[in-house]
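The structure is given below, and queries will be raised subsequently.
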Number of protein chains: 2
Amino acid sequence: MTDTTQQRLSLAVSTVVFALRPHLRTGRLTVWLPLVRRIREPYDGLWALPGGPLEDDQDLAASARATLARTTGLAPRYLEQLYAFGDVDRSPGARVVSIVYWTLVRPDEDAQAIDGENVEWFPADDVCGLAFDHDVIVRYALDRLRAKITYSPIAHAFLTDEFTLAQLREVYEAVLGRRLDPANFRRQILAQGTVEPTGRHLTGTSHRPPALYRSNLARPRATLTIEETA
Amino acid sequence: MTDTTQQRLSLAVSTVVFALRPHLRTGRLTVWLPLVRRIREPYDGLWALPGGPLEDDQDLAASARATLARTTGLAPRYLEQLYAFGDVDRSPGARVVSIVYWTLVRPDEDAQAIDGENVEWFPADDVCGLAFDHDVIVRYALDRLRAKITYSPIAHAFLTDEFTLAQLREVYEAVLGRRLDPANFRRQILAQGTVEPTGRHLTGTSHRPPALYRSNLARPRATLTIEETA
DNA sequence: TCAAAAGTGTTGCCGATACACCCATGT
DNA sequence: ACATGGGTGTATCGGCAACACTTTTGA
């Protein structure tokens, strides 16, 4: 908190970006993330998380967004701080503390993503051999995603405004890596009160048209609980 | 991650220290924390979290420990990263990013704490008017403590090696601020498998001598679950 | 008419709560 | 003896997993 000038220490902000895409072989939805190829030492040529130095006039989250816009063209809505990594030896020849964010992008945002020359997407569970300690960071972010989806309605962040409960269930299944019972899933989600029906239905399927829902974070479960107990 | 030199930006590490002490009026156990009086601008004279600039050759957690040892004489065992605070305007006249840790100290550690001239302890729920954004940080740390104690066996970190279940329950009650049913609490804790009986009993009480337990993080619940399902 | 997924109903199990009750010690 | 907290037993309630069953569409 004091004004000591720090010479060799630099502060970077990086982001773990998660999107859902079909797996190349199985076709099943899985978690993917974009990586950036390093074009200088250290770790020249290796893949790394998108990131960059923190600017003087930027908040931490703003820095993460700026880097994402520059490297991948993404402007995601959900963005959350993950952890600060600052081991002395994590970057050869320099002291770099990285404050890492993680983010979820929707299919429409994902579609707008313009992969630059040195940007490529990978299945999140397969990534390894990244620059710096980024293997550990990706692992940590994946754990957080899988933990948080079980107690927080973040799955909506993977979907567009209107969605069916089957689509929402696909998100959970992709993230958790296992099938869920459609009947029980429906009841769980509706009991939370985090979605509300739009009244519209999805047509064109070869079966009964599913109802469309929107996420309802303006009237979360807590409010309902207060009303119920009152 | 690049080597750009950063001039005006400095990185500090601060820590929210939690200990349990009896409340002055009610006598009931509550959460306390030590604060340090600032002796320079900005916020000269106000109370602030213990902290200091990050040294080049120190890991983040090591920096937190060093500051604690210097200001309060504490060497706590439980130490966890809380959050990185880096809003542009959080420190007048300078850009400071603070990586904040939180820690729990045991009564014996607490007893060793030598309060310096400018160090004073306060009930955690009462603190306000701190320097910088430290009010927000303390609030955030308290929320984390109260959330985490419900799903993680961190309460042990408030106790010495041997303790009774009643003492452990007092910790929960102090943190959560409400009474717990002794019978059900006992079953919950034992079902977790995070404590094991030492075989010894606490004597000198005016009632039946309670059994003493130690924390058992070497054989956590997960191991038992695997054995059960095998 | 059939396949396929949407959506509803029902049952059984498990964990948590509430609370009655017995146990062992100091005074 | 009795007060006090330690410790055990048990009934009840609610949530969740499993799964049978009905509904509605396109082909």
Side-chain angles (χ1 to χ4, degrees), chain A residues 27-29 149-153 155 159 162-174 176-214 221-222 224-225 228-229, chain B residues 22 27-29 147 149-153 155 159 162-174 176-214 220-222 224-225 227-229:
Chain A
R28 297 195 52 74
L29 219 56
I149 203 175
T150 64
Y151 64 87
S152 183
L159 295 172
E162 277 195 341
F163 50 86
T164 68
L165 291 186
Q167 290 170 332
L168 186 61
R169 180 166 47 84
E170 275 185 80
V171 172
Y172 278 82
E173 291 180 340
L176 298 176
R178 61 187 164 90
R179 303 306 222 93
L180 298 174
D181 184 286
N184 295 328
F185 179 80
R186 151 182 300 274
R187 270 186 293 258
Q188 282 176 21
I189 295 298
L190 295 180
Q192 287 174 212
T194 53
V195 299
E196 61 181 12
T198 64
R200 310 190 340 121
H201 289 257
L202 181 65
T203 55
T205 60
S206 72
H207 54 77
R208 176 172 172 176
L212 287 168
Y213 294 81
R214 74 172 71 89
R221 193 192 189 293
L224 291 173
T225 306
E228 284 163 12
T229 52
Chain B
R28 299 196 51 74
L29 218 56
I149 204 175
T150 64
Y151 64 88
S152 183
L159 295 172
E162 278 195 340
F163 50 86
T164 68
L165 291 186
Q167 290 170 332
L168 186 61
R169 180 165 47 85
E170 276 185 80
V171 171
Y172 278 82
E173 292 178 341
L176 297 177
R178 60 186 164 91
R179 300 309 221 95
L180 299 174
D181 183 288
N184 296 326
F185 179 81
R186 149 181 301 275
R187 270 185 294 257
Q188 283 175 21
I189 295 298
L190 295 180
Q192 287 174 211
T194 52
V195 299
E196 61 182 13
T198 64
R200 309 191 338 121
H201 289 258
L202 180 66
T203 55
T205 60
S206 73
H207 53 77
R208 176 171 171 175
L212 287 168
Y213 294 81
R214 74 172 73 87
R221 195 194 186 293
L224 291 174
T225 307
E227 290 171 4
E228 284 164 11
T229 53

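Protein chains get the first letters and strands the later ones, always in sequence-line order, with residue 1 at the start of each. Worth knowing before you read on, the calculation uses all heavy atoms, side chains too, and leaves out hydrogens, waters and symmetry mates.
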Working for side-chain contact (heavy atoms from CB on, under 4.5 Å), residues Leu159(B) and Tyr213(B): CA-CA 11 Å; Leu159(B) 295 172; Tyr213(B) 294 81; over 6 Å; no
Value in whole Å for how far the P atom of dG7(D) lies from NE2 of His201(B):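 Nearest whole value for this atom pair: 7 Å.
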Test item: Thr198(A) side-chain N/O and Leu212(A) main-chain N/O as donor-acceptor pair under 3.5 Å: yes
Spacing between Asp181(A) atom CG and dG9(C) atom P, to the nearest angstrom: 16 Å
Atom-pair distance (CG on Asn184(A); C1' on dA20(D)), nearest Å: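 Nearest whole value for this atom pair: 13 Å.
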Review item, nucleotides 4-6 of chain C N/O atoms under 3.5 Å of protein N/O:
residue, atom, partner, partner atom, Å
dA6(C), N3, Arg208(A), NH1, 3.4

Donor-acceptor under 3.5 Å (Gln167(A) side chain, Thr164(A) main chain): yes
Whole-Å distance separating the CD atom of Glu170(B) from the C1' atom of dG5(D):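 Result: 12 Å.
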Sugar-phosphate only, base, or nothing, as touched by Thr205(B) at under 4.0 Å among non-hydrogen atoms: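 Here Thr205(B) touches the backbone only, sparing every base.
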Integer-rounded Å distance: dG7(C) C1' and Ile189(A) CD1: 15 Å
Position toward the 5' end of DNA chain D (nearest nucleotide), Thr203(A) or Arg187(A):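 Mapping each residue to its closest nucleotide by heavy atoms, the 5'-most match is Arg187(A).
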Inter-residue atom distance Leu165(B).CG - Ile189(B).CD1, 0.5 Å rounding: 7.5 Å
Exercise: identify the closest heavy-atom pair between Gly27(B) and Pro22(B): O-CB, 3.5 Å
Spacing of Gln188(B) atom CD relative to dG7(D) atom P, expressed in whole Å: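 Atom CD in Gln188(B) sits about 16 Å away from atom P in dG7(D).
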Minimum-distance pair of heavy atoms, taken over all atoms of Thr205(A) and Pro210(A): OG1-CD, 4.3 Å
Whole-Å gap separating C1' (dA16(C)) and CG (Leu190(B)):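 Between C1' of dA16(C) and CG of Leu190(B): 15 Å.
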Whole-Å distance separating the CG atom of Leu180(B) from the P atom of dG5(D): 16 Å
